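Below is one structure, written out as C-alpha coordinates, with a few remarks after it.
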Amino acid sequence: MINSSQSTPNYFLLTGFPGLEGLYPWFIFPFCSTYLVALAGNSLILTVIKKNTSLHQPMYFFLAMLAFAELGVSASTLPTVLSIFLFGANEICFEACLLQMFFIHSFSIMESGVLLAMSVDRFVAIYNPLRYTSILTLSRIACTAAALGLKSVMLMFPLPFLLKRLPFCGHNTLSHSYCLHSDLIQLPCGDTRPNSILGLCIVTSTFGLDSLLIVVSYVLILHTVLGITSGEGRQKALNTCVSHICAVLVYYVPMISVALVHRFMKHAAPALRLLLANVYLLVPPVLNPIIYSVKTKQIRQGLIRLFLQRKY
(Lines give C-alpha, C1' and ligand atoms only; values in the text may rest on other atoms or scores of the structure.)
Protein backbone atom coordinates (compact mmCIF):
# COMPACT_ATOMS: atom_id res chain seq x y z
CA MET A 1 0.00 0.00 0.00
CA ILE A 2 1.54 3.27 -1.16
CA ASN A 3 0.65 6.70 0.13
CA SER A 4 0.30 8.63 -3.11
CA SER A 5 0.93 12.05 -1.56
CA GLN A 6 4.25 11.18 0.05
CA SER A 7 5.23 8.05 -1.94
CA THR A 8 5.98 6.23 1.30
CA PRO A 9 4.48 2.85 2.26
CA ASN A 10 1.85 2.74 4.99
CA TYR A 11 3.38 -0.51 6.16
CA PHE A 12 6.00 -3.16 5.34
CA LEU A 13 5.52 -6.91 5.16
CA LEU A 14 8.01 -8.90 7.21
CA THR A 15 9.11 -12.41 6.24
CA GLY A 16 9.19 -15.49 8.46
CA PHE A 17 10.38 -18.66 6.74
CA PRO A 18 8.90 -18.73 3.20
CA GLY A 19 7.32 -22.05 2.32
CA LEU A 20 7.33 -23.22 5.94
CA GLU A 21 4.27 -21.34 7.17
CA GLY A 22 2.56 -24.62 8.10
CA LEU A 23 5.41 -25.35 10.54
CA TYR A 24 5.19 -22.05 12.42
CA PRO A 25 3.51 -23.69 15.46
CA TRP A 26 6.66 -25.82 15.80
CA PHE A 27 8.82 -22.68 15.80
CA ILE A 28 6.96 -21.06 18.69
CA PHE A 29 8.65 -23.01 21.50
CA PRO A 30 12.27 -22.61 20.21
CA PHE A 31 11.87 -18.87 19.61
CA CYS A 32 10.05 -18.22 22.90
CA SER A 33 12.66 -20.26 24.79
CA THR A 34 15.48 -18.40 23.07
CA TYR A 35 14.10 -14.99 23.99
CA LEU A 36 13.31 -16.11 27.54
CA VAL A 37 16.89 -17.35 28.07
CA ALA A 38 18.36 -14.20 26.49
CA LEU A 39 16.27 -11.75 28.51
CA ALA A 40 16.46 -13.68 31.79
CA GLY A 41 20.17 -14.50 31.45
CA ASN A 42 21.31 -10.95 30.76
CA SER A 43 18.96 -9.53 33.40
CA LEU A 44 20.45 -11.92 35.97
CA ILE A 45 23.98 -10.89 35.00
CA LEU A 46 23.07 -7.23 35.56
CA THR A 47 21.35 -8.03 38.87
CA VAL A 48 24.30 -10.07 40.20
CA ILE A 49 26.83 -7.38 39.31
CA LYS A 50 24.66 -4.66 40.84
CA LYS A 51 24.03 -6.49 44.14
CA ASN A 52 27.55 -7.85 44.75
CA THR A 53 29.98 -5.09 45.68
CA SER A 54 32.86 -7.54 45.20
CA LEU A 55 32.01 -7.48 41.48
CA HIS A 56 32.28 -3.69 41.23
CA GLN A 57 35.47 -4.00 39.21
CA PRO A 58 36.31 -2.93 35.64
CA MET A 59 35.91 -6.40 34.11
CA TYR A 60 32.39 -6.84 35.50
CA PHE A 61 31.31 -3.30 34.66
CA PHE A 62 32.20 -4.03 31.02
CA LEU A 63 30.30 -7.32 31.29
CA ALA A 64 27.28 -5.37 32.54
CA MET A 65 27.54 -3.10 29.47
CA LEU A 66 27.61 -6.17 27.23
CA ALA A 67 24.53 -7.61 28.97
CA PHE A 68 22.72 -4.27 28.57
CA ALA A 69 23.51 -4.10 24.84
CA GLU A 70 22.34 -7.68 24.32
CA LEU A 71 19.13 -6.99 26.21
CA GLY A 72 18.58 -4.09 23.83
CA VAL A 73 19.13 -6.25 20.74
CA SER A 74 16.77 -8.96 22.03
CA ALA A 75 14.06 -6.50 23.06
CA SER A 76 14.28 -4.75 19.67
CA THR A 77 13.65 -7.89 17.61
CA LEU A 78 11.24 -9.67 19.96
CA PRO A 79 7.93 -7.89 19.04
CA THR A 80 8.01 -8.62 15.31
CA VAL A 81 9.58 -12.09 15.48
CA LEU A 82 7.08 -13.42 18.01
CA SER A 83 4.13 -11.68 16.33
CA ILE A 84 4.94 -13.54 13.09
CA PHE A 85 5.28 -16.99 14.64
CA LEU A 86 2.60 -16.63 17.33
CA PHE A 87 -0.11 -14.69 15.48
CA GLY A 88 0.92 -14.74 11.83
CA ALA A 89 0.99 -10.93 11.90
CA ASN A 90 3.71 -9.77 9.53
CA GLU A 91 2.76 -6.12 8.99
CA ILE A 92 4.71 -3.23 10.53
CA CYS A 93 4.02 0.44 9.94
CA PHE A 94 6.64 2.61 8.26
CA GLU A 95 7.62 4.66 11.34
CA ALA A 96 7.76 1.61 13.62
CA CYS A 97 10.01 -0.14 11.10
CA LEU A 98 12.44 2.79 11.03
CA LEU A 99 12.45 2.87 14.84
CA GLN A 100 13.15 -0.86 15.08
CA MET A 101 15.96 -0.55 12.53
CA PHE A 102 17.51 2.28 14.57
CA PHE A 103 17.48 0.33 17.85
CA ILE A 104 18.70 -2.98 16.37
CA HIS A 105 21.69 -1.39 14.68
CA SER A 106 22.44 0.99 17.57
CA PHE A 107 22.60 -1.81 20.14
CA SER A 108 24.62 -4.00 17.73
CA ILE A 109 27.17 -1.19 17.30
CA MET A 110 27.30 -0.77 21.07
CA GLU A 111 27.82 -4.52 21.54
CA SER A 112 30.78 -4.49 19.14
CA GLY A 113 32.30 -1.50 20.93
CA VAL A 114 31.90 -3.15 24.34
CA LEU A 115 33.70 -6.28 23.09
CA LEU A 116 36.59 -4.05 22.01
CA ALA A 117 36.63 -2.31 25.41
CA MET A 118 36.68 -5.71 27.12
CA SER A 119 39.72 -6.78 25.08
CA VAL A 120 41.53 -3.60 26.18
CA ASP A 121 40.48 -4.37 29.76
CA ARG A 122 42.05 -7.85 29.51
CA PHE A 123 45.27 -6.38 28.07
CA VAL A 124 45.58 -3.85 30.91
CA ALA A 125 44.86 -6.56 33.52
CA ILE A 126 47.61 -8.82 32.14
CA TYR A 127 50.18 -6.17 31.14
CA ASN A 128 50.01 -4.11 34.34
CA PRO A 129 48.01 -5.98 37.01
CA LEU A 130 49.29 -3.84 39.89
CA ARG A 131 47.90 -0.65 38.35
CA TYR A 132 44.81 -2.27 36.82
CA THR A 133 42.20 -0.55 39.00
CA SER A 134 44.08 2.76 39.02
CA ILE A 135 44.20 2.83 35.20
CA LEU A 136 40.61 1.69 34.63
CA THR A 137 38.96 3.93 37.21
CA LEU A 138 35.22 4.23 37.68
CA SER A 139 35.16 7.63 35.97
CA ARG A 140 37.02 6.29 32.92
CA ILE A 141 34.68 3.32 32.68
CA ALA A 142 31.67 5.66 32.91
CA CYS A 143 33.15 7.86 30.17
CA THR A 144 33.72 4.76 28.02
CA ALA A 145 30.11 3.66 28.48
CA ALA A 146 28.83 7.15 27.63
CA ALA A 147 31.11 7.34 24.57
CA LEU A 148 29.95 3.95 23.28
CA GLY A 149 26.29 4.86 23.74
CA LEU A 150 26.71 8.28 22.12
CA LYS A 151 28.70 6.81 19.24
CA SER A 152 26.04 4.20 18.42
CA VAL A 153 23.22 6.76 18.55
CA MET A 154 25.02 9.43 16.54
CA LEU A 155 26.11 7.01 13.81
CA MET A 156 22.60 5.64 13.34
CA PHE A 157 20.69 8.89 13.83
CA PRO A 158 20.82 10.11 10.17
CA LEU A 159 19.77 6.80 8.57
CA PRO A 160 16.02 6.87 9.36
CA PHE A 161 15.76 10.44 8.04
CA LEU A 162 17.71 9.57 4.88
CA LEU A 163 15.31 6.68 4.27
CA LYS A 164 12.21 8.75 5.00
CA ARG A 165 13.07 11.30 2.29
CA LEU A 166 13.15 8.60 -0.41
CA PRO A 167 10.18 7.63 -2.60
CA PHE A 168 9.06 3.98 -2.46
CA CYS A 169 7.59 2.36 -5.55
CA GLY A 170 5.14 -0.44 -4.90
CA HIS A 171 7.30 -3.24 -3.46
CA ASN A 172 7.17 -3.25 0.34
CA THR A 173 8.16 -6.80 1.37
CA LEU A 174 11.25 -7.19 3.56
CA SER A 175 13.32 -10.36 3.62
CA HIS A 176 13.67 -10.73 7.42
CA SER A 177 11.46 -10.94 10.49
CA TYR A 178 12.58 -7.46 11.54
CA CYS A 179 13.66 -4.22 9.89
CA LEU A 180 17.31 -3.89 8.84
CA HIS A 181 18.92 -1.07 6.90
CA SER A 182 20.34 -3.49 4.31
CA ASP A 183 16.74 -4.62 3.59
CA LEU A 184 15.11 -1.20 3.56
CA ILE A 185 17.71 0.28 1.22
CA GLN A 186 16.63 -2.16 -1.50
CA LEU A 187 13.06 -0.82 -1.69
CA PRO A 188 13.21 2.91 -2.63
CA CYS A 189 13.15 3.94 -6.27
CA GLY A 190 15.13 7.14 -5.65
CA ASP A 191 18.85 7.78 -5.29
CA THR A 192 20.06 5.61 -2.40
CA ARG A 193 23.77 6.37 -2.81
CA PRO A 194 23.97 8.61 0.31
CA ASN A 195 22.36 5.84 2.37
CA SER A 196 24.68 3.18 0.93
CA ILE A 197 27.82 5.29 1.45
CA LEU A 198 26.86 6.18 5.03
CA GLY A 199 25.95 2.54 5.77
CA LEU A 200 29.31 1.36 4.43
CA CYS A 201 31.15 3.99 6.50
CA ILE A 202 29.27 2.90 9.63
CA VAL A 203 30.08 -0.78 9.09
CA THR A 204 33.74 -0.04 8.37
CA SER A 205 34.24 2.34 11.29
CA THR A 206 32.50 0.09 13.81
CA PHE A 207 32.47 -3.64 13.10
CA GLY A 208 35.51 -3.55 10.80
CA LEU A 209 37.66 -1.31 13.00
CA ASP A 210 36.51 -2.93 16.25
CA SER A 211 37.35 -6.45 15.05
CA LEU A 212 40.79 -5.28 13.83
CA LEU A 213 41.57 -3.61 17.17
CA ILE A 214 40.40 -6.71 19.06
CA VAL A 215 42.89 -8.78 17.06
CA VAL A 216 45.63 -6.21 17.83
CA SER A 217 44.73 -6.36 21.55
CA TYR A 218 45.11 -10.13 21.59
CA VAL A 219 48.41 -9.96 19.74
CA LEU A 220 49.65 -7.65 22.51
CA ILE A 221 48.15 -9.95 25.16
CA LEU A 222 49.89 -12.97 23.65
CA HIS A 223 53.18 -11.07 23.49
CA THR A 224 52.81 -10.11 27.16
CA VAL A 225 51.89 -13.66 28.22
CA LEU A 226 54.90 -15.13 26.42
CA GLY A 227 57.07 -12.79 28.49
CA ILE A 228 55.85 -14.37 31.74
CA THR A 229 58.48 -16.81 32.99
CA SER A 230 56.16 -18.97 35.09
CA GLY A 231 54.12 -21.57 33.23
CA GLU A 232 51.43 -21.35 35.88
CA GLY A 233 51.35 -17.57 35.48
CA ARG A 234 50.92 -17.91 31.72
CA GLN A 235 48.03 -20.32 32.13
CA LYS A 236 46.35 -18.12 34.73
CA ALA A 237 46.67 -15.05 32.49
CA LEU A 238 45.24 -16.83 29.47
CA ASN A 239 42.38 -18.32 31.49
CA THR A 240 41.14 -14.80 32.26
CA CYS A 241 40.62 -14.28 28.51
CA VAL A 242 38.71 -17.49 27.71
CA SER A 243 35.22 -16.08 28.34
CA HIS A 244 35.91 -12.96 26.29
CA ILE A 245 37.37 -14.96 23.39
CA CYS A 246 34.22 -17.11 23.38
CA ALA A 247 32.04 -13.96 23.40
CA VAL A 248 33.98 -12.50 20.45
CA LEU A 249 33.65 -15.74 18.47
CA VAL A 250 29.94 -16.04 19.26
CA TYR A 251 29.43 -12.48 18.00
CA TYR A 252 31.64 -12.33 14.91
CA VAL A 253 31.40 -15.88 13.49
CA PRO A 254 27.62 -15.62 12.77
CA MET A 255 28.15 -12.09 11.40
CA ILE A 256 30.85 -13.29 9.00
CA SER A 257 28.69 -16.29 8.01
CA VAL A 258 25.78 -14.01 7.11
CA ALA A 259 28.08 -11.74 5.09
CA LEU A 260 29.59 -14.70 3.19
CA VAL A 261 26.19 -16.19 2.36
CA HIS A 262 24.88 -12.86 1.07
CA ARG A 263 28.06 -12.24 -0.93
CA PHE A 264 28.89 -15.65 -2.41
CA MET A 265 25.64 -17.66 -2.11
CA LYS A 266 23.12 -15.28 -3.62
CA HIS A 267 21.01 -18.19 -4.88
CA ALA A 268 20.92 -19.95 -1.51
CA ALA A 269 17.52 -20.88 -0.10
CA PRO A 270 15.82 -17.88 1.58
CA ALA A 271 15.22 -20.03 4.66
CA LEU A 272 19.02 -20.47 5.07
CA ARG A 273 19.61 -16.72 4.92
CA LEU A 274 16.83 -16.07 7.41
CA LEU A 275 18.12 -18.77 9.76
CA LEU A 276 21.66 -17.33 9.73
CA ALA A 277 20.32 -13.80 10.26
CA ASN A 278 18.30 -14.97 13.27
CA VAL A 279 21.33 -16.85 14.62
CA TYR A 280 23.45 -13.69 14.29
CA LEU A 281 21.04 -11.58 16.34
CA LEU A 282 19.66 -14.18 18.78
CA VAL A 283 22.55 -16.50 19.64
CA PRO A 284 25.02 -14.04 21.28
CA PRO A 285 22.46 -12.77 23.84
CA VAL A 286 21.64 -16.41 24.69
CA LEU A 287 25.15 -17.85 24.88
CA ASN A 288 27.12 -15.03 26.49
CA PRO A 289 25.34 -15.16 29.90
CA ILE A 290 25.82 -18.95 29.87
CA ILE A 291 29.51 -18.63 28.95
CA TYR A 292 30.25 -16.09 31.68
CA SER A 293 28.18 -18.02 34.25
CA VAL A 294 30.08 -21.24 33.54
CA LYS A 295 33.59 -19.85 33.03
CA THR A 296 33.62 -17.03 35.61
CA LYS A 297 33.66 -18.27 39.19
CA GLN A 298 32.59 -14.94 40.71
CA ILE A 299 29.51 -14.66 38.47
CA ARG A 300 28.60 -18.29 39.18
CA GLN A 301 28.87 -17.77 42.93
CA GLY A 302 26.85 -14.56 42.69
CA LEU A 303 24.05 -16.36 40.84
CA ILE A 304 24.00 -19.14 43.45
CA ARG A 305 23.75 -16.59 46.28
CA LEU A 306 20.99 -14.74 44.43
CA PHE A 307 18.90 -17.91 44.02
CA LEU A 308 19.49 -18.96 47.63
CA GLN A 309 18.34 -15.54 48.89
CA ARG A 310 15.13 -15.80 46.87
CA LYS A 311 14.53 -19.36 48.06
CA TYR A 312 14.77 -18.50 51.72
Side-chain angles (χ1 to χ4, degrees), residues 1-18 69-84 89-113 148-210 254-255 258-259 261-263 266 270 273-274 276-282:
M1 295 291 292
I2 302 297
N3 183 317
S4 58
S5 62
Q6 296 183 357
S7 297
T8 56
N10 294 323
Y11 62 84
F12 289 110
L13 296 176
L14 301 170
T15 303
F17 289 100
E70 291 178 340
L71 273 175
V73 172
S74 298
S76 299
T77 60
L78 183 147
T80 52
V81 172
L82 292 190
S83 67
I84 289 174
N90 64 338
E91 293 182 3
I92 182 171
C93 72
F94 183 71
E95 289 76 13
C97 189
L98 293 181
L99 191 64
Q100 185 185 48
M101 177 202 73
F102 173 81
F103 280 115
I104 289 175
H105 289 303
S106 294
F107 281 115
S108 295
I109 290 170
M110 185 186 297
E111 189 176 358
S112 177
L148 290 174
L150 186 63
K151 169 189 167 185
S152 61
V153 170
M154 292 303 293
L155 285 175
M156 283 302 303
F157 187 75
L159 288 182
F161 297 100
L162 288 174
L163 280 168
K164 200 165 185 178
R165 70 179 177 84
L166 294 171
F168 288 75
C169 303
H171 181 52
N172 66 337
T173 302
L174 301 175
S175 59
H176 293 88
S177 306
Y178 32 76
C179 298
L180 299 176
H181 182 259
S182 57
D183 255 3
L184 290 168
I185 202 64
Q186 306 296 325
L187 303 184
C189 51
D191 184 10
T192 60
R193 283 177 296 179
N195 303 66
S196 299
I197 292 171
L198 180 57
L200 179 61
C201 291
I202 290 173
V203 170
T204 304
S205 63
T206 54
F207 305 112
L209 184 60
D210 290 347
M255 178 192 292
V258 170
V261 168
H262 279 272
R263 178 67 180 84
K266 294 182 179 180
R273 295 187 181 190
L274 288 165
L276 288 175
N278 283 314
V279 166
Y280 161 57
L281 286 179
L282 297 181

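These figures come from a predicted structure and were not determined experimentally.
- Scored by the side chain to side chain contact (heavy atoms under 4.5 Å, CB included) test, T192 finds L166, I185, P188, S196 as partners (sequence neighbours excluded).
- Annotation: side chain to side chain contact (heavy atoms under 4.5 Å, CB included) contacts of L13 (sequence neighbours excluded): Y11, N90, E91, N172, T173.
- Side-chain atoms of L71 and F107, non-hydrogen and from C-beta on, never get closer than 4.5 Å to each other.
- Partners of L82 under the side chain to side chain contact (heavy atoms under 4.5 Å, CB included) rule, at least two apart in sequence or in another chain, are F31, C32, Y35, L78, L86.
- Side chain of T15 to backbone of S177: no donor-acceptor contact under 3.5 angstrom is found.
- Residues meeting the side chain to side chain contact (heavy atoms under 4.5 Å, CB included) test with C201, sequence neighbours left out: I197.
- Interatomic distance, D210 CG to T204 OG1, rounded to the nearest 0.5 Å: 11.5 Å.
- The side-chain hydrogen bond (donor to acceptor under 3.5 Å, both in side chains) analysis of residues 95-108, with sequence neighbours excluded, yields the pairs T80-Q100.
- Applying the side-chain hydrogen bond (donor to acceptor under 3.5 Å, both in side chains) rule to pairs touching residues 179-188 yields S175-D183, H176-D183, sequence neighbours excluded.
- You'll find the side chain of C97 reaches within 4.5 Å of the side chain of L184, heavy atoms only.
- Contact detail for Y280 and P254: the closest heavy-atom pair is CA-CB, 3.6 Å.
- With rounding to the nearest 0.5 angstrom, the SG atom of C179 is 7.0 Å from the CZ atom of F12.
- Each salt bridge (Lys or Arg N to Asp or Glu O under 4.0 Å) pair with one or both residues in residues 192-203, not counting sequence neighbours, appears once here: D191-R193.
- The two atoms that bring I104 and S76 nearest to each other are CG1-CB, 3.6 Å, heavy atoms only.
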M110/L150 under side chain to side chain contact (heavy atoms under 4.5 Å, CB included): CA gap, chis, key distance, verdict: CA-CA 9 Å; M110 185 186 297; L150 186 63; over 6 Å; no

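- Annotation: side chain of Y178 is in contact with side chain of L180 (closest heavy-atom distance under 4.5 Å).
- Looking only at side-chain heavy atoms (C-beta outward), I109 and F207 come within less than 4.5 Å of each other.
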Show me the donor-acceptor pairs within less than 3.5 Å that the side chains of residues 152-163 make with the rest of the protein, sequence neighbours left out.
unit_1: S152; atom_1: OG; unit_2: L148; atom_2: O; d: 3.3
unit_1: S152; atom_1: OG; unit_2: G149; atom_2: O; d: 2.8

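- Residues V279 and M255 are not in side-chain contact: their nearest non-hydrogen atoms beyond the backbone lie 4.5 Å or more apart.
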